[in-house]
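Because only heavy atoms are used, hydrogens play no part in the values below, and waters and symmetry mates are left out as well, while side chains stay in. Naming: A, B, ... by sequence-line order, numbering from 1 per chain.
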Amino acid sequence: MSLRLFNTLSRMKETFVPLEAGRVRMYTCGPTIYNFAHIGNFRAYMFEDLLRRHLKYRGFQVTQVMNLTDVEDKLIRTCRQTGEALKSVTDRYAKAFFEDLDTLGIERAEVYPAATDHIPEMVELIKKLRGHGHTYEANGSIYFRLSSYAKYGQLSHMDMSQLQTGASGRVDTDEYDAEDARDFALWKAWDEEDGDVYWETELGKGRPGWHIECSAMSMKYLGESFDIHCGGVDNMFPHHENEIAQAECATGKTFVKYWLHNAHLVVDGKKMSKSLGNFYTLRDLLAKKIDPLAIRYLLIGTHYRQPSNFTFEALDAASQALRRIRDFRIRLAELRGTGEDLAGVCAACETAFAEAMDDDLNVSGALAAVFDFIRDVNKLLDEANVGADGAANALALLDRLNAVTGVLAPATEAAVPQDVLDRVMERQQARRNKDFARSDALRDQLLAEGWVIEDTASGPRVKRA
RNA sequence: GGCGGCAUAGCCAAGUGGUAAGGCGGAGGCCUGCAAAGCCUUUAUUCCCCGGUUCGAAUCCGGGUGCCGCCUCCA
């Protein structure tokens, strides 16, 4: 079975066939680095991480590009208000962004181009569009003339004549000098509010419009046509439509083959907002001592095109699920001797897992296969039929599937302190002496300190609570 | 006002025409000195509501209700 992905262009699942055999080039819309990213943002990056990991699992060589938007209206406003230099703000939040990616186990993309490092590329692209007659100038700014591109709206399937200007309430249309409010800026002429944020270019003194960076940088690193472009559903219109218009009007080629959009995250069934008190950055959750892998588990657990409901109850369930996985790995790692090689159950699990993932990244189905496997193997372990060889096969399988999901790794256990080990031994001695009052007291005491004691056939096992 | 998506158990969540995956939680049992872990049984006669199509609908169609997204720089 081959990988099928839901393409927004066709609104259908399509068999994935890359432009170049064995290789995937993908562009994923990245953050505006003017603040800490919130868990809704991370849902998008998590989905893209899952996609790249599965592509790699399926043997593709992946080149992923994620932009960092480091010049933009809000950013300039912030700098104006605080007096801090643009670069200083963006450096700080870029650093925080990468720390957060590491915390969540999100793999690094191959390239993270920043907009301000690619002004010449954007200027070149705008010049090309101007040469092809797709632009006009007004008060020093350069706009893209939408009416010059008949295919506009192909992605969002929007009927341009039905759009209500300013309906979102997000834009003060008076700010625009465009001939038609639907035209968008490619290059914005400098004005006083921009302060020292400007570039002197052939297009004049100013700064790029937001959409142009993605067209310019994606084509620079991935070519004029590439395989996959991802982003949140909110970016479908107008951002991605504009990217298509800019790229295809400049090159005359198809820009992107597969467009993938992730649905949003809600918290307790409601839109995340500061006024509702349900707005969380990753750092907010870490401050609550939440296991970042539980956040990863939760974010990954809902199919990317379904709205996901983030609740603390679900987060707790995710922690418990991780514990089950980790305990299972501990149990396997302790096995000695020889026995059942588990080849059959391993193969069945991997097939079911891969088929689910191939179906537009059905990660819920894939994880269900893993839990079926865990239950089946636990049963065999209870029957004492498995040895180190079978355990090695099972652990190797978990490692392979962990490379895709990132939630099947062993617990990172710090060494157990000697005084804890001493008391475990003391308890064991008390048990041999049938002094259960003493042994239970020691167990309670250790539990209160965060250590769980489990008595197994081969002796006591110590774990973090 | 226009366009699009979603609604499945206490919670999270698969399934999109053939009789409800999986995880968490709850209940009972096995194991255990007692626990924990693990295993077994159980927990939605039913998939937001009302109609319709069909031998058959959570799945298709129509109408509601609710939530979410977009309508010119929000993942």
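- A:His264 qualifies as a stacking partner of the B:A75 base, centre to centre under 5.5 Å and near-parallel within 30°.
- Between the base of B:C34 and the side chain of A:Arg443 there is a donor-acceptor pair shorter than 3.5 Å.
- Across all strands, A:Ile453 comes closer than 4.0 Å to base atoms (heavy-atom distances).
- Residue A:Lys434 is out of contact with every strand shown, counting any heavy-atom pair closer than 4.0 Å.
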Its contact letters, B for base, S for sugar-phosphate only and - for none at protein heavy atoms under 4.0 Å, make nucleotides 24-30 of chain B read SS-----

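- The side chain of A:Lys271 places no N or O atom within less than 4.0 Å of a non-bridging phosphate oxygen (OP1 or OP2) of B:C74.
- Residue-to-nucleotide contacts include a donor-acceptor pair under 3.5 Å from the side chain of A:Asp440 to the base of B:G33.
- In this model, the phosphate group of B:C74 is not approached by any side-chain N or O of A:Asn41 to a distance below 4.0 Å at OP1 or OP2.
- One can find a donor-acceptor pair under 3.5 Å joining the base of B:C34 and the side-chain atoms of A:Asp455.
- One finds a side-chain N or O of A:Lys379 lying less than 4.0 angstrom from the OP1 or OP2 phosphate oxygen of B:C40.
- At the heavy-atom level, A:Gly231 lies under 4.0 Å from the strands shown only through sugar-phosphate atoms.
- A donor and an acceptor atom never sit less than 3.5 Å apart when one is taken from the side chain of A:Arg305 and the other from the base of B:G5.
- Heavy-atom nearest nucleotides on RNA chain B were determined for A:Tyr34 and for A:Asp372, and the one closer to the 5' end corresponds to A:Asp372.
- Considering only the side chain of A:Gln306, B:A7 comes nearest among B:A7, B:G22, B:A75.
- Comparing A:Thr456 and A:Ala368, the nucleotide of RNA chain B nearest to each residue sits closer to the 5' end for A:Ala368.
- With A:Trp451 as the aromatic partner, A:Arg464 meets the cation-pi criteria of under 6.0 angstrom to the ring centre and within 45 degrees of the ring axis.
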